[in-house]
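Here is the structure we will look at.
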There are 2 protein chains.
Amino acid sequence: MFTLAEENYLKAIYHLEKESKSGVSTNAIAVKLNTQPSSVTDMVQKLAHKKVLSYQKYKGSFLTKEGKKIATNVIRKHRLWEVFLVEKLKFQWDEVHEIAEQLEHIKSEELIKRLDAFLDHPDFDPHGDPIPDENGNIKPTEKKLLSELQKDQRGICVGVKESSSQFLQYLDTRNIGIGTTIKVVDKEEFDDSMTIQVGETQLHITDKIAHNLYINTN
Amino acid sequence: MFTLAEENYLKAIYHLEKESKSGVSTNAIAVKLNTQPSSVTDMVQKLAHKKVLSYQKYKGSFLTKEGKKIATNVIRKHRLWEVFLVEKLKFQWDEVHEIAEQLEHIKSEELIKRLDAFLDHPDFDPHGDPIPDENGNIKPTEKKLLSELQKDQRGICVGVKESSSQFLQYLDTRNIGIGTTIKVVDKEEFDDSMTIQVGETQLHITDKIAHNLYINTN
DNA sequence: TTTAATTTTTAGTCTTGTCTAAACTTATGG
DNA sequence: CCATAAGTTTAGACAAGACTAAAAATTAAA
C-alpha cells in the first residue's frame with residue numbers, strides 16, 4: 001500500500017517523464033511538488049527500495065512498470081472524480097482540480113469501478129485529458145486545438161487549454177462545453193479567425209478562442 | 001484547519017459524549033479509536049489548547065461549542081457520502097462505512113453543499129441516522145424499531161440496527177429499503193411476529209426482523 | 001482508612017515526511 | 001583543464017502522531 005505522499009511523487013514523476021524522455025531530475029520533482037530537493041532525494045530512495053522506480057545518484061529517476069501502474073491509477077481516479085464534479089455536481093471546469101487532488105487518494109477499487117459505471121465510462125476528463133483504463137492503458141488521443149482544424153472538419157470539444165473563469169463563461173454563454181460538436185464552417189487565413197457551427201447556430205470566433213479549445217476528431 | 005487525526009478524535013468524543021452525559025474518559029476514547037490511552041492524553045491536551053474541547057487532568061474531556069460544530073460537520077459529510085454511495089453508486093448498506101470514513105475528510109464546503117443538493121437534501125443516511133444541517137443542527141428524530149409500532153401504524157423505513165449481509169439480502173429480496181413505507185397489518189402478541197404491508201404485498205415477519213428495522217413515524 | 005486495583009499521565013522513543021546547512025558531483029566557461 | 005556554478009546528496013533537526021514503560025492520581029475494597 002502506498003501513502004498519500006508516495007502517490008503524489010509517483011504521479012508527479014509520471015507526468016515529468018513524458019516531457020523529459022530521459023530520467024527525471026530531482027530538481028524537477030522538487031519544483032513540481034513544491035518541496036526541497038533534499039526531500040525528493042529521500043523519497044525517491046525510498047520508492048526505489050520499494051521497486052516502483054529506479055534511481056541512480058545524480059542521474060535522476062524513472063518509473064518501473066509497477067510504478068507506472070500506480071501512477072496511472074491515481075490519474076485515473078483524479079480524472080474520474082473531475083468528471084463527477086463537473087457532470088453531476090455542476091462545478092466549473094476550473095474549480096475541480098483541488099478537490100480531485102484530495103479525492104484521488106481515496107482507497108477503494110470498488111468505489112472507482114462503480115463511479116466509472118455511474119459516469120458511463122467516460123474517455124476524457126473535463127480538461128480533455130484521457131482517462132486511463134483499469135490497467136493503466138491510455139487510448140491514443142486525437143486531441144487537437146480547434147485552430148488546427150481545416151475548413152469543413154468537425155470534432156467534439158473535449159477540453160480547454162486555458163481555463164480562466166472569463167474564458168469558461170464565454171464558452172458557457174455560447175453553449176460550448178464538453179461533448180459539444182463543433183464544425184469549422186469557414187476559416188480566415190488573414191487573422192486566423194473562423195466561423196464555426198455549434199448546434200443550430202453559427203458563431204464567429206477569434207484565433208485566441210480557437211487556440212484554447214481542444215477538439216477530438218476521432 | 002484541523003488534521004484528519006484531529007477530526008477523528010472530535011467525532012469520537014462527540015459520539016461518546018452522547019452516551020456518557022458527563023466528561024468523556026481518556027480510556028473510552030482510546031478504545032473507540034483503537035489507540036493507547038497515552039496517545040489520547042497527548043491529543044486531548046492539544047485539542048484543549050485549540051479550544052475545541054475542555055479538559056481537566058484525570059477528569060476527562062468534553063467538546064466546546066466550536067468542537068461540536070466541527071464534529072457534526074464531519075458527521076454530516078460522512079452521512080451525505082453514505083447516501084451517495086448507496087443511492088447513486090448502488091453499494092449495499094454495510095459496504096459504505098469504510099469508504100465514508102475516508103470521504104468525510106475531504107476539504108471543500110462547496111463540494112458538500114453541492115453533494116447535498118445533488119442528493120436532494122436527504123434527512124437520513126442509509127443506516128437511518130439523521131444528517132446534521134450546515135449549522136450542526138440535528139432534527140429530533142422519531143426513529144423507532146419496527147417492533148415498537150402498534151397495529152395499523154405506518155412509517156418509512158430509515159435504516160437497520162444490525163447490518164449483516166444476510167439481513168440486508170433478506171430485505172432486498174422483499175423489496176424493503178430506505179424510503180420504503182411499511183404498515184403494520186397485524187401483530188401477534190404471543191411471539192411478537194407481525195404481518196406488514198410493503199407496497200402491494202403483505203409479509204409475515206419474525207420478531208427478530210422487527211427488532212432490527214428502524215422506522216420513521218413522523 | 002489504608003491498601004490494592006484501575007485509570008491516567010509523563011517521559012522517552014519511533015516513523016513519516018519535511019526542512020536547512022553543508023558536502024559532494026557533474027556541468028560549464030574561460 | 002581547472003575554477004566556478006549548478007544540481008544533488010548527506011547529515012542533523014523538527015513536527016505530528018503514535019507507542020511502551022514507568023510514575024502518579026483516583027477509585028474501590030478490605
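All chains are named by letter (A, B, ...) in the order of the sequence lines, taking the proteins before the strands, and each is independently numbered beginning at 1. None of the values given here were measured: they were computed from a predicted structure.
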Next item on the list: Send over the distance from B:E6 CD to D:dA15 C1', rounded to a whole Å.
Entry: 12 Å

Item checked: Whole-Å distance separating the CD1 atom of B:I29 from the C1' atom of C:dT9 -> 14 Å

Item checked: Between P of C:dT7 and CD of B:Q36, the distance in whole Å -> 14 Å

Checklist line | Heavy-atom check, side chain of B:L85 versus side chain of A:L111, under 4.5 Å | finding: yes

Note to self: Tell me whether the rings of B:F84 and A:F118 are parallel (<30°), tilted (30 to 60°) or perpendicular (>60°).
What the structure shows: perpendicular

Checklist line | Distance in angstrom units between A:N8 CG and C:dT16 C1', rounded | finding: 14 Å

Next item on the list: Would you mind checking if A:K143 and A:D129 are paired as a salt bridge, meaning a charged N to carboxylate O distance below 4.0 Å?
Entry: yes

Next item on the list: For each nucleotide in nucleotides 5-12 of chain D, reading 5' to 3', give B when a protein heavy atom comes within less than 4.0 Å of its base, S when such contact involves only the sugar-phosphate, and - otherwise.
Entry: --BSBB--

Next item on the list: Rounded off to whole Å, could you give me the NE2-to-P distance for the A:H49 and C:dT15 pair?
Entry: 14 Å

Item checked: A:R114 and A:E110 ion-paired at < 4.0 Å -> yes

Margin query: Quick one, B:H78 and B:E82 - any side-chain contact, counting heavy atoms below 4.5 Å?
Written below: yes

Note to self: Under a plain distance cut-off of 3.5 Å, with no hydrogens placed, do A:S193 and A:D191 share a side-chain donor-acceptor pair?
What the structure shows: yes

